Novice: 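Following this message is one structure expressed as structure tokens.
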Number of protein chains: 2
Amino acid sequence: MTDATPSEADELPREAAILDHAARLFYERGYGTVGMRTIAEVVGVRASSLYHYFASKTDLLYQICLGVARDFIDELLPILSGPEPYAERMADFLRRHIELRWQRRHWISTAQQELRALAPDQAAEVAGLLRAYQRSVQAFIEQGAASGAFQVADPRLAGIALLDMVNGVNSWYRPAGARSLEEIATAYSGLAVYNLLGARRAGPPDAESSRAS
Amino acid sequence: MTDATPSEADELPREAAILDHAARLFYERGYGTVGMRTIAEVVGVRASSLYHYFASKTDLLYQICLGVARDFIDELLPILSGPEPYAERMADFLRRHIELRWQRRHWISTAQQELRALAPDQAAEVAGLLRAYQRSVQAFIEQGAASGAFQVADPRLAGIALLDMVNGVNSWYRPAGARSLEEIATAYSGLAVYNLLGARRAGPPDAESSRAS
DNA sequence: GTCTATAGAACGATAGAC
DNA sequence: GTCTATCGTTCTATAGAC
């Protein structure tokens, strides 16, 4: 820790600060509506200075999309490989997924909504990473269903339904609301694991005995 | 039926055709990235001609958002007031909701993603309509839970989870895929009603006896 | 590494002929 | 109702001084 922990984009190295400010603006106004002058103004430089760090506006977008896609893969997928029971791993994963999505909402929303502005090969690269993340979740659910931990007719469909459900949180959650994000994340992962995936509460995956209510 | 049924935007009255082409372009490229010249080119006129029908680019966006929000309210909410059991009404509603969302994907996506480009009062008007639609679904689930048709701990949360889940279909469904939209809509409404909302399969809402498996 | 200055194109919107 | 012509602005991106 050679520096004080930076909590604002302005305290980051300039290159990272530019990306963070750009992601925030793209999130708030849409990629097409935001000009390089606006990004530069928020960063505190002239527009031409941005081109010292990034080749073009689409390059900015590309770095944002690529970076956040890799972050989700690196930070969250390992949870699914832990030693805990399927239902517990899934619930942990979903809580972290929901919380990370909110923390990085400017980046992840940009990656999911503005890919169309990238060149085809760059868009395909990012889309591939996002798809790999989704498929890992689907594969985990398939394994859980095969092991009997999840009771679900169509694991692939349930997986995508589950992700769409939790991904919606960012569109309506507001910090000023009645519930904290942690409460929402816990309630949602419960809904997902016990209702949508049909996991049984408590007990090992192959237990047939206990049934509350 | 005084005219042949128009299936392309070009066969609609010009004003409607402009809106449909604009919605498609906004959907494909984002509001900020699409220029009035591009819209005009697709319609087959010069940019200045668009101003005979609409006052500005934001007016185009406003008409799109307002129109589709009203359509969903008028066409789908009546289903929830039918005489059928709660689970059946909900399943019907969700199937129709999923199918209408796909049919009108250019419009509804624009309404949900590009509201930020509208003037505050116009954005608030549209957001109010979309929120009213969502709240009607939540209220229906609350009634169903109170009547015992749905077994769900938090009806409000379940309602928003359910809508986020079905609203995700447009982001991954492709007509060339393995499953038809009708199959997906049926599978999804089953997941929503019987898993997420905990409705019991068949039998009247207050029956406590039958339990499959 | 940031600046001024600007090229060259595209933007939203308007005026006025037909 | 559609056109041509154009106004004034803004856009991405570059050149070159410091």
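Remember, predicted model here, so these are calculated numbers, not experimental data.
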Novice: Can you confirm whether more than 12 heavy atoms, excluding those of B/Arg116, are under 6.0 Å from its CZ atom?
Specialist: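 Yes, the 6.0 Å shell around CZ holds more than 12 heavy atoms from other groups.
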Novice: So A/Arg14, base contact, sugar-phosphate only, or nothing? Heavy-atom distance under 4.0 Å.
Specialist: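 Sugar-phosphate contact only - A/Arg14 comes under 4.0 Å of backbone atoms but never of a base.
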Novice: Quick one, B/Trp107 with B/Asp71, criterion side-chain hydrogen bond (donor to acceptor under 3.5 Å, both in side chains). Give me CA distance, side-chain angles, the key distance, then yes/no.
Specialist: CA-CA 10 Å; B/Trp107 293 59; B/Asp71 284 350; over 6 Å; no
Novice: Going by ring-ring contact (aromatic ring centres under 6.0 Å, His included), B/Phe140 matches just one of B/Tyr86, B/Phe93, B/Tyr133. Which one?
Specialist: B/Tyr86
Novice: For B/Ser56, report the nucleic acid contact type (base, sugar-phosphate, nothing); a contact means any heavy atom under 4.0 Å.
Specialist: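 The answer is sugar-phosphate, as B/Ser56 gets under 4.0 Å only of primed atoms, P, OP1 or OP2.
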Novice: Under a 4.5 Å cut-off applied to non-hydrogen side-chain atoms, are B/Leu163 and B/Gln138 in contact?
Specialist: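 No, side chains not in contact.
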Novice: B/Met36 has an atom CE; how far is it from atom C1' of D/dT9, in whole Å?
Specialist: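 Whole-Å distance recorded here is 16 Å.
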Novice: Just to be sure I understand the rule, does A/Val34 reach a base, reach only the sugar-phosphate, or reach nothing, if contact means heavy atoms closer than 4.0 Å?
Specialist: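 Touches sugar-phosphate only.
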Novice: Return yes if some donor-acceptor pair links the side-chain N/O of B/Gln122 with the main-chain N/O of B/Tyr62 below 3.5 Å, else return no.
Specialist: no
Novice: Around atom CZ of A/Arg96, are there more than 12 heavy atoms from other residues, nucleotides or ligands closer than 6.0 Å?
Specialist: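 For A/Arg96, atom CZ is not crowded (no more than 12 foreign heavy atoms under 6.0 Å).
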Novice: First contact, last contact: which nucleotides of DNA chain C are these for chain A, 5' to 3', heavy-atom distance under 4.0 Å?
Specialist: C/dG1 to C/dT4
